[in-house]
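Structure first, then comments.
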Amino acid sequence: PTRRSSDLEHVPQKVERVGRGYELRRLPPMLAVQAETVETGETLYEEQAPLPPSFAFTGEVKRTEWYSTVSPVLLERAFTTISLPGGMEQPAQRRRWILPLPTRFGMDPAALAPADSSLENKPGTQAAGVQQASVQFVRRPAQRLAVGTVKGYPSNEAVLETVSRITEAARRDGLRVVTQGGRPVFIHLCYDVKNVYNRKGQLSMAVWLAQPAWLQDNEVGLVLERSEERRVG
């Protein structure tokens, strides 16, 4: 038998208005697998593929399984610090892969098989520069984002340049951007990747989509303060 898969489901995004160089969008509440690393040293500057880390995969691939698929992959990045002995601190970056589950699994994390909480010595958790790692099911609230397109190949430099450009435009229009450590918190939206879940809602695969280059858009969304819900909702 051959492996089967359902139709691809896309996370809906409501465009509330168009600014100068960005769109104001609303992400809906969602149930998601959330895999997270906190990184230090040279790892902060490395290129990062949007595919989730190996420890996020909690399900096996079976050829007779029926799979549900979702796109895009959401990769949230934020500046932070970690504590060192003697009261010192070290600059760090939190990368948080937000992997939306198909709507068929509802909104209750307790109804799913638990995410793997035993990460000791699991591949990806001991990589150079990785200080902390975790994976869990979460129910995320709705979010508003100021979204702009990454021009060209989504290298780390191109993503950060896009963040800077959108931040300037959003603040010029009076939007309040969430910051951590003095830097904007942003989400990289990757449309050329899909997550694949088995019948239990376990992440089993993550694959690149086969589609024309002009459809392989990558976007950056600045996370806006929740007060924006009242100002523009």
Side-chain angles (χ1 to χ4, degrees), residues 8-38 48 50 52 56 70-80 93-109 112 115 134-150 154 159-160 162-195 197 201 203 206 217-233:
L8 177 61
E9 182 176 326
H10 290 270
V11 177
Q13 300 176 47
K14 180 182 179 182
V15 178
E16 298 189 332
R17 67 177 173 86
V18 178
R20 290 173 288 181
Y22 68 92
E23 291 182 341
L24 186 63
R25 297 187 196 168
R26 183 181 187 273
L27 287 180
M30 66 180 72
L31 183 65
V33 174
Q34 184 170 287
E36 182 175 310
T37 59
V38 176
Q48 179 63 64
V70 182
S71 187
V73 166
L74 310 175
L75 175 55
E76 181 184 282
R77 294 169 58 179
F79 180 78
T80 185
Q93 177 177 237
R94 186 191 68 219
R95 295 190 203 254
R96 178 177 286 167
W97 287 264
I98 302 161
L99 312 170
L101 270 78
T103 53
R104 66 186 292 263
F105 293 109
M107 290 292 289
D108 183 7
L112 296 170
S134 64
V135 60
Q136 59 183 322
F137 287 116
V138 297
R139 185 168 58 186
R140 292 179 60 87
Q143 281 185 303
R144 277 186 166 84
L145 306 175
V147 179
T149 301
V150 180
V159 168
L160 295 179
T162 305
V163 170
S164 178
R165 172 169 52 85
I166 304 172
T167 300
E168 181 179 349
R171 286 175 171 168
R172 185 174 58 233
D173 291 344
L175 296 178
R176 291 195 283 268
V177 178
V178 172
T179 61
Q180 190 168 343
R183 302 181 188 181
V185 177
F186 66 92
I187 293 177
H188 183 185
L189 298 95
C190 314
Y191 293 91
D192 50 355
V193 179
K194 67 178 178 181
N195 304 313
Y197 296 92
L203 184 65
D217 291 334
N218 283 261
E219 295 177 324
V220 167
L222 297 182
V223 178
L224 302 178
E225 292 185 6
R226 292 191 62 82
S227 59
E228 297 297 337
E229 304 256 351
R230 296 186 295 273
R231 299 179 65 208
V232 299

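Worth saying up front: this structure is predicted, and the values here are computed from it rather than measured.
Taking the side chain as every heavy atom from C-beta outward, Arg77 and His188 never approach each other to under 4.5 Å. At least one side-chain heavy atom of Phe105 sits less than 4.5 Å from a side-chain heavy atom of Leu112. Inter-residue side-chain proximity for Leu224 and Val178 is flagged as unmet; no heavy-atom pair is nearer than 4.5 Å. In this structure the side chain of Trp97 reaches within 4.5 angstrom of the side chain of Thr37, judged on heavy atoms. Gln34 has its side chain out of reach of Val135: every pair of non-hydrogen atoms, C-beta onward, lies at least 4.5 Å apart. Using a 4.5 Å heavy-atom cutoff, the side chains of Val147 and Tyr22 are not in contact. Residues Val223 and Ile187 meet the side-chain proximity criterion, which asks for heavy atoms closer than 4.5 Å.
The structure places CZ of Arg140 at 11.5 Å from CG of Leu31, a figure rounded to the nearest 0.5 Å. Distance check, rounded to the nearest 0.5 Å: CG of Asp108 to CZ of Phe137 gives 11.5 Å. Atom-to-atom distance recorded for Leu99:CG and Ser71:OG is 11.0 Å, nearest 0.5 angstrom. With rounding to the nearest 0.5 Å, the separation of OG1 in Thr167 from CG in Leu175 is 10.5 Å. To the nearest 0.5 angstrom, Gln13 atom CD is 5.5 Å from Leu189 atom CG. How far CG of Leu145 is from CZ of Arg25: 8.5 Å, rounded to the nearest 0.5 Å.
For the pair Glu23 and Lys14, the salt-bridge criterion is not met [side-chain N within less than 4.0 Å of a carboxylate O]. At a threshold of 4.0 Å, the pair Glu76-Arg94 counts as salt-bridged, since one of the basic side-chain nitrogens sits closer than that to a carboxylate oxygen. Comment: Arg144 does not engage Glu225 in a salt bridge, judged by the lack of any side-chain N to carboxylate O separation of less than 4.0 angstrom. Contact check on Arg20 versus Glu168 returns no salt bridge, with no Lys/Arg side-chain nitrogen under 4.0 Å from an Asp/Glu carboxylate oxygen.
In terms of heavy-atom proximity, Val185 sits nearest to Ala78 at CG2-CB, 3.8 Å. Closest of all the heavy-atom pairs between Pro28 and Val11 is CD-CG1, 4.2 Å. For Ala146 against Ile166, the heavy-atom pair with the smallest separation is O-CG2, 3.6 Å. Closest of all the heavy-atom pairs between Pro154 and Val159 is O-CG2, 4.0 Å. Between Pro184 and Leu222, the shortest heavy-atom contact is CB-CD2, 4.1 Å. In terms of heavy atoms, Asn195 sits closest to Ala206 at OD1-CB, 4.3 Å.
Few gaps surround CZ on Arg96; more than 12 heavy atoms of other groups in view lie less than 6.0 Å from it. Summarising the local packing, CZ of Arg104 is surrounded by more than 12 heavy atoms from other residues, nucleotides or ligands at distances under 6.0 Å.
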Set out, in order, the CA-CA distance, both residues' side-chain angles and the distance that settles side-chain contact (heavy atoms from CB on, under 4.5 Å) for Leu74 and Met30, then state yes or no. CA-CA 12 Å; Leu74 310 175; Met30 66 180 72; 4.3 Å; yes

Yes or no on side-chain contact (heavy atoms from CB on, under 4.5 Å) for Leu101 and Val33, after CA distance, side-chain angles and deciding distance? CA-CA 7 Å; Leu101 270 78; Val33 174; 3.7 Å; yes

Using the rule given for side-chain contact (heavy atoms from CB on, under 4.5 Å), can you reason through Phe79 versus Thr179, listing the C-alpha separation, both sets of side-chain angles and the distance that settles it, and then say yes or no? CA-CA 8 Å; Phe79 180 78; Thr179 61; over 6 Å; no

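The side chain to side chain contact (heavy atoms under 4.5 Å, CB included) test with Val220 is passed by exactly one of Leu160, Thr149, Val163: Val163.
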